[in-house]
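Read the structure below first, then the notes.
Order of the sequence lines fixes the chain letters, A, B, ..., with proteins taken first and strands second; residue numbering starts at 1 for each chain.
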2 protein chains.
Amino acid sequence: MREKTKKPTILEVARRAGVGLGTVSRVLNNHPAVRPETRARVLQVMEELGYTPNPHARRIAGGRSYTVAVLLPFVGTEFYKRLLEGIEAVLLEKRYDLAIFPLLSRARLERYLKNGSLAYQTDGLLLASYDLTEHFGGRLPTDRPVVLVDTRNERYDSVYLDNRLGGRIAGEYLARFPGPVFAIRIEEETDQAFQKTTFRERIQGFREALEAAGKPFTERQLYTTRLSAEGGRLALRHFLEQASPPLNVFAGADQVALGVLEEAERLGLTVGRDVRVLGFDGHPWTEEVGLSTLSQPVEAMGARAASLLLERMEGYKGAPRQVRFEPLLIERASTGTPPKAPYLP
Amino acid sequence: MREKTKKPTILEVARRAGVGLGTVSRVLNNHPAVRPETRARVLQVMEELGYTPNPHARRIAGGRSYTVAVLLPFVGTEFYKRLLEGIEAVLLEKRYDLAIFPLLSRARLERYLKNGSLAYQTDGLLLASYDLTEHFGGRLPTDRPVVLVDTRNERYDSVYLDNRLGGRIAGEYLARFPGPVFAIRIEEETDQAFQKTTFRERIQGFREALEAAGKPFTERQLYTTRLSAEGGRLALRHFLEQASPPLNVFAGADQVALGVLEEAERLGLTVGRDVRVLGFDGHPWTEEVGLSTLSQPVEAMGARAASLLLERMEGYKGAPRQVRFEPLLIERASTGTPPKAPYLP
DNA sequence: CTGAAAGCGCTTACAG
DNA sequence: CTGAAAGCGCTTACAG
C-alpha cells in the first residue's frame, strides 16, 4: 500500500547510493568535485528510482529557476515550430526548461513582465520576432538576460536572418528567366502592439535586385495577401490576368508558394516551365513538393539564440552580439532547374 | 545603495505589520481565521512593499503549485485567444497562474506528461480541442485533475459547444432564403496525433437541416479549403461559377466568412442581397463588418472550464460533468436582415 | 484569532 | 573529493 506514489527525493537517492545528500546535489549540478565512480553510482540510483529533481526546490534553494521564457507571436506557423525545436534542443541538453509565453496582447505582456511573475519563473528571456524593447523605452523591465531572435536590436544579443539579402537573391535569380516577374507581398499582422517587418524586407530586397538588373518593378507586379496558401492561389490567378506564361513568381514564403503550386496544377500549367515559383523559408516539406526556396536555418538560429542566452545566464558580460544568418538559395523543380543534391544544414 | 532590489519576503511584511509570519501567510491564503483589521493591515503593508509571494516557495512548502497547465493546439486563431481570456479571467481571480503548452508534437506532449515536468509544475490540466486521452489508452498519465474544453469525453469534465446544432441552425436559417445554398467545409489539421472534428460537425448539422427542409445537399454545393479568409474568397468565386445571385453561403467560420465578404465587395456584389453569408464563432469584429454568425460564447466556455477545474483541485469528487453550450444565431446585414439589438453574452 | 516551530526538497559554503 | 549544516521563502499543524 504505497501512498500516492511519492516522488523520490534527493535524500532517498543519497541513502541508496550510500553518500551524503550534498554529493547527490553536486552530481545534479555537474559539479566537478565528484569522483567519477561516485557520480556513476549516484546516476545509477537516480535511474533506478526514476528520480527527477523537484524544480521548485531547486529554484528556491539555488535562486535559479532552470527555466527560460520564450516570448513569441501567437501564430502557429511552421517557422515557430522549427524555432522552438532549435531552442529546445540546446536548452534541454543543459537541463533547462522552457516556458512559452504567446504574445496575445500588450496588457498580458506587461503583466508578465511587471508583476515579477516572469522574473520569478525564469532565468532568462528569449524574444522572438518582435523587438518589444520599444514598448518600454528601449530596455525591458527585467534584470534577467535577454536575447532576441528573428529580430534585432543593438542593445541586446540578436540572432536574425538577413531577409533583405534573401529578397535580393530572389530578385537576381528570377530576373534571369524569360517572362515577367511577379511577387507576393505578405501582410504583417496589423496589431499595433506587435510589429514585424520580415516580409517587407524580403520584398524590399527583391525590388532592389530587380532594379539593379534593369527590370524596374512596379506595383502592378505585386499582389498583397495574408499569409496563407489560398493567398498564393489568388495571387497566381491575379498574375495570369496580367500576363501569359511563362511567368516567374517570388512568393515571399513557402506557405504561400504552396498555394501557387496548387493553383498552377489546378489550371493545368506546368510548374517550372509555364510558372516558375520561388518560396522562402526552406521548410522541410518543400523538398517533397519540389519547391525552390530561400532556405532559412531556423532551427540553427533558435539554437544559437539559446546558446547566447545560456552564456549570459552563466555570467558573460561582453557587449551585445549580433549574429546574422544568410538565406541560401535552393534550386528545385519549381523554377525549372533540375534538383541538386539535398540541402545539408 | 540597496543591493539589486531584493524582493521583500513574507518576513519583512510580518515585521512591518507587527504580526507573525504565519498570519501573513494566512492572509495570503485567504484563511478565515484572521481578524479583518489584521488582514487589512497586512494587505496594506504588502501593497506598500509591492510584495508578491514567491511561487516556488509556496509550491515547495504547500505542495501546490498555484499553476494550471493549458494544453492547446499550436494555432494562433482568435478562438484560442478568446478561450485563454476566459480561462485566465477566473484563474487570475483565484490567484492561479497559467502555463501554456502548445501542442506541437506527440513527442513533446509525452515528454510534458511523462517526465513529471508538468506534474511538478501544475495543479491541474485544461485540455483544449483535442481529446488526448486516446493517445494514452483512455486515461491521461497524470494524477492531477483534468478538464476538457472545446471537446468532450465521458470520463472527464467537459465543456463544449454543440457544433452540430450550430450547423443545423445555419441550415434551417439559410434554407428559408431564395436562391441556392452553399457551404464551405474547412479542413481540419491533418496531424495524425492531434485530431478535432469541429468543422466536420458543423457541416454535418448543416447537411441534416437542409435535408430535413427538403433541400438535399450535394457535394457540388460544398467547397473545401483551409481555414483562411482567402479560402472564403476562393469559395465564393467557385460558387459563382455554378449559380447566379442571389446565393446563400454558410462559411463555417467567421474568418472564412470575412473572405466571402471581401470577395463579394471586390466583385461589386451586394452582400445581404446578391450574396447572403453566415459565419460561425461570433468573434467580436463580426459586429463591425455586419456579419451574421452563430455566436459561440468562447470566453464563457473557457471560464466555465477553469471553474470546473478549480473545483476539482479543491477536492470535488463527483462524476464527470458534461457542460454543453449552444450557439446563438445573430442576424446582421450579411444575411440581409436588419441588425437587431447587440448580442449580450 | 495568532505566534513559534517544524518541514517542504533542494543548494552552497564550510569544514574535513 | 565528501559530509553535515544552514538557509531559501513559504505552509501548516500545534499550542495558546
Query - Dot-bracket encoding per residue of DNA chain C, Watson-Crick/G-U cut-off under 3.5 Å, | denoting interstrand - result: |||.||||||||.|||

Requested in this report: Starting at the 5' end of nucleotides 10-16 of chain C, put B wherever the base has a protein heavy atom under 4.0 Å, S where only the sugar-phosphate does, and a dash everywhere else.
Outcome: BBBB---

**Report entry** Check: A:T23 side chain, A:L21 main-chain N or O, donor-acceptor pair, under 3.5 Å
**Finding:** no

Query - Short side-chain N/O contact to C:dG3 OP1/OP2 from B:T23, under 4.0 Å - result: yes

**Report entry** Spacing between B:E37 atom CD and C:dT2 atom C1', to the nearest angstrom
**Finding:** 13 Å

**Report entry** Ring-face cation contact, B:F74 with B:R108, 6.0 Å cut, 45° max
**Finding:** no

Query raised in the report: Would a 4.5 Å heavy-atom cut-off, applied to side chains only, mark A:P53 and A:T9 as touching?
Result: no

Report task. State which residues pass side-chain hydrogen bond (donor to acceptor under 3.5 Å, both in side chains) with A:Y66; sequence neighbours excluded, sorted by chain then number. Result -> A:N29, A:R64

Report task. Please check the phosphate of D:dT2 (OP1 and OP2 only) for any side-chain N or O of A:T38 closer than 4.0 Å. Result -> yes

Query - For the student: nearest non-hydrogen atoms of B:N153 and B:D131, plus distance - result: ND2-OD2, 3.1 Å

Report task. Give a yes or no answer on whether the side chain of B:T38 reaches the backbone of B:V34 with a donor-acceptor pair at less than 3.5 Å. Result -> no

Report summary line: Heavy-atom nearest pair, A:D157 first then A:A319, reads OD1-O, 4.1 Å

Query raised in the report: Side chains of B:R139 and B:Y156: do they bring a donor and an acceptor to under 3.5 Å?
Result: yes

